[in-house]
Amino acid sequence: MAVLKVKFTKTRRDKLAQVLWILNWISVVTGVLLFCLGLFLKVEINKREELMAGRDVQYVPNMLIAVGLLACAINFLGGKICYDCVDTNKFLRWKLIILPYIICTFFFTFCVLVGAVMCYSMHGELEEALNVGLSDALKFYKDTDTPGRCFLKRTVDMLQIHFQCCGNSGYKDWFQIQWISNRYLDMSQKEVVDRLRSNVEGKYLMDGVPFSCCNVNSPRPCIQQQINNNSAHFNYEHQTEELNLWMRGCRQALLEYYTHIMQSIGLTVLILSVLTGVRYLQTALENVLRQGDPDSESDGWLLENSLMETARTNLNIIKSLVGRTTPVNHKAPPTPSSEER
């Protein structure tokens, strides 16, 4: 018994073919967008490669690029098939190709689903890479004279300004590191010397942040130094001055940014709907050919038999194919003895 059988008139078959043609071209455009999205994500990851702690997370943008290209090719072919299927005679050209096309598209859709799962599973790995990478970048912020690290100050400042964030998890991360180079500290001042001596590791720690942490929406001039000291500033309460600095950490900001780019599972739903429609169109047109009347009604279905019968039939086909390809060992005839000769 056919699974999900639907009766189609000629008008309904033509409308189905036209709708599928449109959906295939929408899928082609979606594939182009997905390809561009993969390229954009690849560029964005490369731009902040030094903040990834040396982790390789390029497999996701590479997967998006490959899926976008395959989606363009598969749906372009599907659009051509659906366009020709309006005419029963033209359908004969594609009769032997449609079923392999449906099978290939099904496996492609499965790959897209796997890719979507990979995008979501990348969340933890990306968060760990950003956590380590940003922590190192904050530590090396002051090393503007060290080869290989001299660019990190600009990178971190631009990151905090562009994403409106501060520190790794928050602005207090800057309190735990020395982010001002010793060359810019006045060693003749007792306060500076005492602060260096008070730290076990000899670091100059303070409750201050770089200028790039300042919130441009703050109604007052930004307070970067002595952030926790209310008496150092007029009419100031650091626990209520949320507009003074960016409250969000840069790890969270970058994680949300990359996760938003990688949300491409909508393509899978579109491909599945097109795949279902093409299967209905194929079976309906094959039944029209059997009847011999192109204007007659015909049945369309997803599976000609039940799910168990279809699985059993396909399993038997696979077994027969394997049996044909398995070499048969023929025993050589025994050599006649001298008496038999």
Side-chain angles (χ1 to χ4, degrees), residues 44-45 47-55 57 120 122-144 149 151-182 184-185 192 195-196 198-263:
E44 287 297 301
I45 289 177
K47 281 168 59 177
R48 300 175 182 88
E49 192 175 15
E50 64 273 9
L51 302 178
M52 300 292 180
R55 303 292 179 87
V57 290
Y120 286 104
M122 181 190 173
H123 187 277
E125 183 178 350
L126 184 61
E127 183 176 12
E128 183 182 354
L130 287 172
N131 183 33
V132 177
L134 284 169
S135 297
D136 292 341
L138 265 59
K139 291 177 184 177
F140 302 142
Y141 180 86
K142 68 179 187 303
D143 298 338
T144 53
R149 299 177 185 172
F151 59 89
L152 279 175
K153 178 185 181 301
R154 182 182 183 277
T155 300
V156 173
D157 283 334
M158 294 301 296
L159 176 69
Q160 294 187 147
I161 293 171
H162 180 73
F163 287 93
Q164 298 183 352
C165 59
C166 184
N168 188 348
S169 302
Y171 71 92
K172 291 185 179 180
D173 291 335
W174 290 106
F175 300 173
Q176 312 300 322
I177 62 173
Q178 179 180 342
W179 55 273
I180 298 179
S181 176
N182 286 338
Y184 301 113
L185 296 176
V192 174
R195 190 180 291 272
L196 287 170
S198 64
N199 186 267
V200 177
E201 298 178 357
K203 295 180 179 179
Y204 184 80
L205 305 182
M206 60 178 182
D207 55 343
V209 297
F211 77 97
S212 53
C213 284
C214 293
N215 188 340
V216 296
N217 300 315
S218 175
R220 68 182 298 161
C222 182
I223 295 176
Q224 303 172 235
Q225 310 294 334
Q226 301 186 41
I227 295 173
N228 293 331
N229 188 359
N230 294 331
S231 61
H233 313 283
F234 177 72
N235 192 20
Y236 176 72
E237 174 61 45
H238 77 275
Q239 293 181 344
T240 59
E241 291 281 344
E242 293 185 358
L243 283 177
N244 182 52
L245 303 174
W246 302 120
M247 295 290 105
R248 185 173 61 163
C250 290
R251 182 180 61 196
Q252 179 188 355
L254 281 173
L255 201 59
E256 291 175 357
Y257 176 68
Y258 288 127
T259 303
H260 179 71
I261 293 176
M262 292 184 295
Q263 291 174 346

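- With Val156 as the partner, the side-chain contact (heavy atoms from CB on, under 4.5 Å) test is satisfied by one option alone out of Met158, Gln160, Lys153: Gln160.
- With values rounded to the nearest 0.5 angstrom, Arg248 atom CZ is found 8.5 Å from Cys250 atom SG.
- For Phe163, the ring pair (Phe, Tyr, Trp, His ring centres under 6.0 Å) partners are Tyr257, not counting sequence neighbours.
- No side-chain heavy atom of Phe211 sits under 4.5 Å from any side-chain heavy atom of Cys222.
- By the 30° and 60° cut-offs, the orientation of the rings of Phe175 relative to Tyr171 is perpendicular.
- In this structure, CG in Asp157 is found 6.0 Å from CD1 in Ile161, a value given to the nearest 0.5 Å.
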### Message
If you apply the rule side-chain contact (heavy atoms from CB on, under 4.5 Å), what do you find for Leu152 with Asp143, and how did you get there?
### Response
CA-CA 8 Å; Leu152 279 175; Asp143 298 338; over 6 Å; no
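- Checked against side-chain hydrogen bond (donor to acceptor under 3.5 Å, both in side chains), Arg220 has no partners two or more places apart in sequence or in another chain.
- To the nearest 0.5 Å, the span separating CD1 on Ile180 from CG on Leu205 amounts to 10.5 Å.
- The CD1 atom of Ile177 sits 4.0 Å away from atom CG of Leu138, with the distance rounded to the nearest 0.5 Å.
- How far CH2 of Trp246 is from CG of Asn215: 3.5 Å, rounded to the nearest 0.5 Å.
- Legend: residues meeting side-chain contact (heavy atoms from CB on, under 4.5 Å) with Gln226, ordered by chain and number and at least two apart, are Asp207, Asn229, Ala232, His233.
- Side chain of Asp173 to backbone of Ser169: a donor-acceptor contact under 3.5 angstrom is found.
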### Message
Determine whether Glu256 and Arg251 satisfy the following criterion, salt bridge (Lys or Arg N to Asp or Glu O under 4.0 Å), listing intermediate values before the conclusion.
### Response
CA-CA 9 Å; Glu256 291 175 357; Arg251 182 180 61 196; over 6 Å; no
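- Side-chain atoms of Leu159 and Leu134, non-hydrogen and from C-beta on, do get closer than 4.5 Å to each other.
- In this model, no donor atom of one side chain and acceptor atom of the other lie less than 3.5 Å apart for Ser218 and Asn244.
- The salt bridge (charged side-chain N to carboxylate O under 4.0 Å, His left out) check on Glu237 picks up nothing, with sequence neighbours excluded.
- Within the 4.5 Å cutoff, the side chain of Met247 has heavy atoms near those of the Leu245 side chain.
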### Task
Go through the steps to decide whether Val192 and Met206 satisfy the test side-chain contact (heavy atoms from CB on, under 4.5 Å), and finish with yes or no.
CA-CA 10 Å; Val192 174; Met206 60 178 182; over 6 Å; no
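- Note that CG of Leu254 is 6.5 Å distant from SG of Cys165, once rounded to the nearest 0.5 Å.
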### Query
Does the side-chain contact (heavy atoms from CB on, under 4.5 Å) test come out yes or no for Gln224 and Cys213, once each step is laid out?
CA-CA 8 Å; Gln224 303 172 235; Cys213 284; over 6 Å; no
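- The ring pair (Phe, Tyr, Trp, His ring centres under 6.0 Å) search around Tyr204 returns none, not counting sequence neighbours.
- Residues Ile223 and Tyr236 have side chains in contact (heavy-atom distance under 4.5 Å, counting atoms from C-beta outward).
- By the salt bridge (charged side-chain N to carboxylate O under 4.0 Å, His left out) test, Lys142 is found to be paired with no residue, residues two or more places apart in sequence or in another chain being considered.
- Taking 4.5 Å as the limit, every side-chain heavy atom of Gln252 sits out of range of all side-chain heavy atoms of Leu130.
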